[in-house]
Amino acid sequence: MRILLIGDIVGKPGERIVTRSLAGLRQRERLDLVIANAENAADGSGLSPSIYKKLIAAGVDGITLGDHIYRRSEIRSVLESAANIVKPANYPPAAPGRTWMVVAAADGTQVAVVSLLGRVFMRPVDCPWQAIDRVLAGIPAEVKVRIVDFHAEATSDKQLMGRYLDGRVSAVLGTHTHVATADEQVFPGGTAFQCDVGMTGPHHSILGRRIDRIAETTITFQPTQFDVATDDVRLSGTIVEVDAATGQATAVRRLVVRDSELESLEIKPAAGPPLM
Ligand SMILES: [Fe+2]
Ligand SMILES: [Fe+2]
């Protein structure tokens with residue numbers, strides 16, 4: 001089976017390329033399941049209930065978030081009620097949201113999805129290694145396909161998580177840095193790994209935000225509005241091939257979809273009978 005993790009969706013441009021391309025992409029790449037990190041979907045920070053609904057309607061099966069999870073407080077009700085969205089599992093128990101989810105793939109396979117936050121150059125959170133041990137102990141044994149989105153800054157932390165979980169989960173894929181890394185591989189125990197799957201949004205930018213604004217603030221120390229950029233919009237993600245019977249990954253590959261491909265990916269509704 002094939003599972004796609006879409007990297008951090010940034011703002012309207014990110015949302016738009018996902019909603020326009022996903023149906024076609026599911027067909028072209030023969031995807032059975034699509035997970036998306038949507039922590040930057042609402043104007044670059046957080047996720048709103050309406051964007052959550054649009055992403056799910058477009059064909060996203062499950063949503064992960066990250067350090068910006070609660071930027072839009074309205075998402076709390078979704079986090080507390082919906083079965084297809086998770087909080088980072090190493091947030092404290094009182095933080096709203098579920099620590100893992102099981103979503104059904106198109107081929108019927110049950111897939112567990114977990115999100116974890118790193119602790120290097122990030123706000124302190126609970127130990128991700130202890131958290132994932134706890135979560136994996138709670139997932140039913142028959143759910144063999146397990147995907148971990150490790151939302152972290154440091155490549156060393158991400159590699160360690162991949163090695164730590166090798167043979168225990170199907171994939172450890174990184175998000176948060178918004179820059180895809182060229183280290184996708186399947187570890188000896190059958191766990192697919194990549195430090196970061198990259199950003200879904202405008203790449204003529206600094207991590208999705210306007211270059212001029214970031215430059216002004218960085219160079220002059222004057223606060224500016226870090227608006228979401230507009231140009232060179234790409235969907236970045238990674239596709240993992242998994243043996244559904246064992247949960248072991250057999251292949252992993254990066255995916256980039258550019259704006260220019262949208263035309264060929266968009267599925268036009270079939271023409272109905274002529275109106276009388
Ligand atoms: Fe992000
Ligand atoms: Fe993040």
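By convention here, the first residue in the shown sequence is residue 1. Atoms within a ligand are numbered from 1 in the order they appear, just like the ligands themselves.
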Task: N, O or S from Asn37 under 2.8 Å to the Fe ion (ligand 1) - done: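 Asn37 does not place any N, O or S atom closer than 2.8 Å to the Fe ion (ligand 1).
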TODO: Check whether any N, O or S atom of His68, backbone or side chain, sits closer than 2.8 Å to the Fe ion (ligand 1).
DONE: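 For His68, the answer is no, given that no N, O or S atom comes within less than 2.8 Å of the Fe ion (ligand 1).
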So which N/O/S atom does [X] have closest to the Fe ion (ligand 2)?
| X | result |
| --- | --- |
| Glu39 | OE2 |
| Asp67 | OD1 |
| His151 | NE2 |

Task: the Fe ion (ligand 1) - closest N/O/S atom in Asp8 - done: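 Nearest N/O/S atom of Asp8: OD2.
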Open item on the list: Tell me whether the NZ or CZ atom of Arg210 lies within the 45° cone about the ring axis of Phe226 and under 6.0 Å from its centre.
Closed with: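 No, cation not above the ring by the 6.0 Å, 45° rule.
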- [ ] Can you label the angle between the Tyr164 ring and the Trp129 ring as parallel, tilted or perpendicular, going by 30° and 60°?
- [x]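 Perpendicular, since the angle between the ring planes exceeds 60°.
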Open item on the list: I'd like to check the ring pair (Phe, Tyr, Trp, His ring centres under 6.0 Å) partners of Tyr52; sequence neighbours left out, ordered by chain and number.
Closed with: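 Once residues adjacent in sequence are excluded, Tyr52 has no partner under the ring pair (Phe, Tyr, Trp, His ring centres under 6.0 Å) criterion.
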Task: Backbone N/O of Ala95 and side chain of Lys87: donor-acceptor pair under 3.5 Å - done: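 Yes: the side chain of Lys87 pairs with the backbone of Ala95.
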Open item on the list: Determine whether the aromatic ring centres of residues Tyr91 and Tyr70 are separated by less than 6.0 angstrom.
Closed with: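 Tyr70 vs Tyr91: aromatic centres under 6.0 Å.
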Open item on the list: Between Arg234 and Glu261, does any side-chain N to carboxylate O distance fall below 4.0 Å?
Closed with: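 Result for this pair is no, no salt bridge flagged.
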- [ ] Measure from the Fe ion (ligand 2) to each N, O or S atom of His176 and report whether any distance is below 2.8 Å.
- [x]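 True for His176.
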